[in-house]
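Along the sequence shown, the residues carry numbers beginning at 1. FYI, side chains are in, hydrogens and waters are out, and symmetry mates aren't considered; it's all heavy atoms of this structure.
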Amino acid sequence: MPSIVLAVARFGFLALLWIFVFAVAGVVRRDLWTGSRSNRLVAAPRGVPAAGPPQPAPARPRRGQSPRILVVTEGALAGTTITLTDRPITMGRAEDSTVVLTDDYASTRHARLVARNGEWFLEDVGSTNGTYLDRAKVTGPTPVPLGVPIRIGRTALELRP
């Protein structure tokens with residue numbers, strides 16, 4: 001093999017190796033140094049019960065009722081409630097998410113709930129394992145009815161009046 005081909009192959013391999021190193025460093029930096037927010041929820045470690053008593057099953061919502069709270073019904077944060085405002089609710093493993101999930105099946109930036117015209121819409125923001133509304137995979141902004149479970153890995157959440 002000519003020496004010039006061998007030299008080009010070595011430099012090409014070295015360049016790819018450095019690209020990989022910088023990509024890994026960027027991911028680590030983004031995961032470690034994201035800003036924290038005071039209104040976020042962090043899951044309790046395994047074996048430690050989440051704060052607050054479990055919520056009872058909701059009554060059948062009446063037509064025309066608007067959601068006021070988001071309730072975590074399954075997962076490490078089960079029983080946690082979040083009062084809904086006009087601000088979007090982000091869900092994922094990132095420290096700056098509104099709901100921080102320690103679920104192995106959740107992505108760093110997994111999903112988002114956004115209020116539009118008095119209705120809440122669920123959006124998957126490029127997650128690896130997908131976001132499900134009841135049993136249907138969310139592919140675009142999808143309206144979320146009251147009492148229908150939102151599934152992210154082992155975590156389930158519901159909008160309630």
Check whether any side-chain heavy atom of L77 lies under 4.5 Å from a side-chain heavy atom of L157, and answer yes or no. no
OG1 of T108 to CD of E95: how many Å apart, nearest 0.5 Å? 10.5 Å
How about D96 and R109: do any of their side-chain heavy atoms sit closer than 4.5 Å? yes
Within the side chain of T73, is there an N or O that forms a donor-acceptor pair under 3.5 Å with the backbone of A156? yes
For residues L159 and L84, report the shortest heavy-atom separation together with the two atoms involved. CD2-CD1, 3.7 Å
Can you confirm whether L133 sits close enough to V148 that some side-chain heavy atom of one is under 4.5 Å from a side-chain heavy atom of the other? yes
So if you build clusters from Ile, Leu, Val, Met, Phe, Trp, Tyr with side-chain heavy-atom gaps below 4.5 Å, do F20 and V28 land together? yes
Grab the two heavy atoms, one from R93 and one from A106, that are nearest each other, plus how far apart they are. CD-O, 2.9 Å
For the OG1 atom of T81 and the CD atom of E158, what is their distance to the nearest 0.5 Å? 13.0 Å
Roughly how far, to the nearest 0.5 Å, is the CG atom of D134 from the CZ atom of R151? 8.0 Å
Would you give the length of the straight line joining atom OG1 of T155 to atom CG of L101, rounded to the nearest 0.5 angstrom? 5.0 Å
Can you tell me how far the CZ atom of R68 sits from the CZ atom of R160, to the nearest 0.5 Å? 14.5 Å
Using modelled atom types and a 3.5 Å cut-off, is there a donor and acceptor pairing between side-chain atoms of H110 and backbone atoms of G130? yes
Test of understanding: clusters of I, L, V, M, F, W, Y form through side-chain heavy atoms closer than 4.5 Å, transitively. Do V24 and L17 belong to the same one? no
Same apolar cluster (I L V M F W Y, side chains within < 4.5 Å links), I82/W120: yes
Checking the side chain of S97 only, and the main-chain atoms of V100 only, is there a donor and an acceptor separated by less than 3.5 Å? no
For V72 and E74, work out which heavy atoms get closest and say how close. CG1-O, 3.5 Å
Nearest-0.5 Å distance, OG1 of residue T131 to CD1 of residue I152: 5.0 Å
Might you work through the side-chain contact (heavy atoms from CB on, under 4.5 Å) test for L113 and T98, ending with a clear yes or no? CA-CA 10 Å; L113 271 172; T98 308; over 6 Å; no
Given side chains that start at C-beta, do those of R10 and L6 come closer than 4.5 Å, heavy atoms only? yes
Is F22 reachable from L14 through a run of hydrophobic residues whose side-chain heavy atoms are each under 4.5 Å from the next? yes
Contacts of R116 meeting salt bridge (charged side-chain N to carboxylate O under 4.0 Å, His left out) (sequence neighbours excluded), chain-then-number -> E123
State, to 0.1 Å, how close P67 and L146 come at their nearest heavy-atom pair, and which atoms those are. CB-CD2, 3.4 Å
same_hphob_cluster(M91, V125) at 4.5 Å side-chain heavy-atom cutoff: no
What's the shortest heavy-atom distance between P141 and F121, and which atoms? C-CD2, 4.1 Å
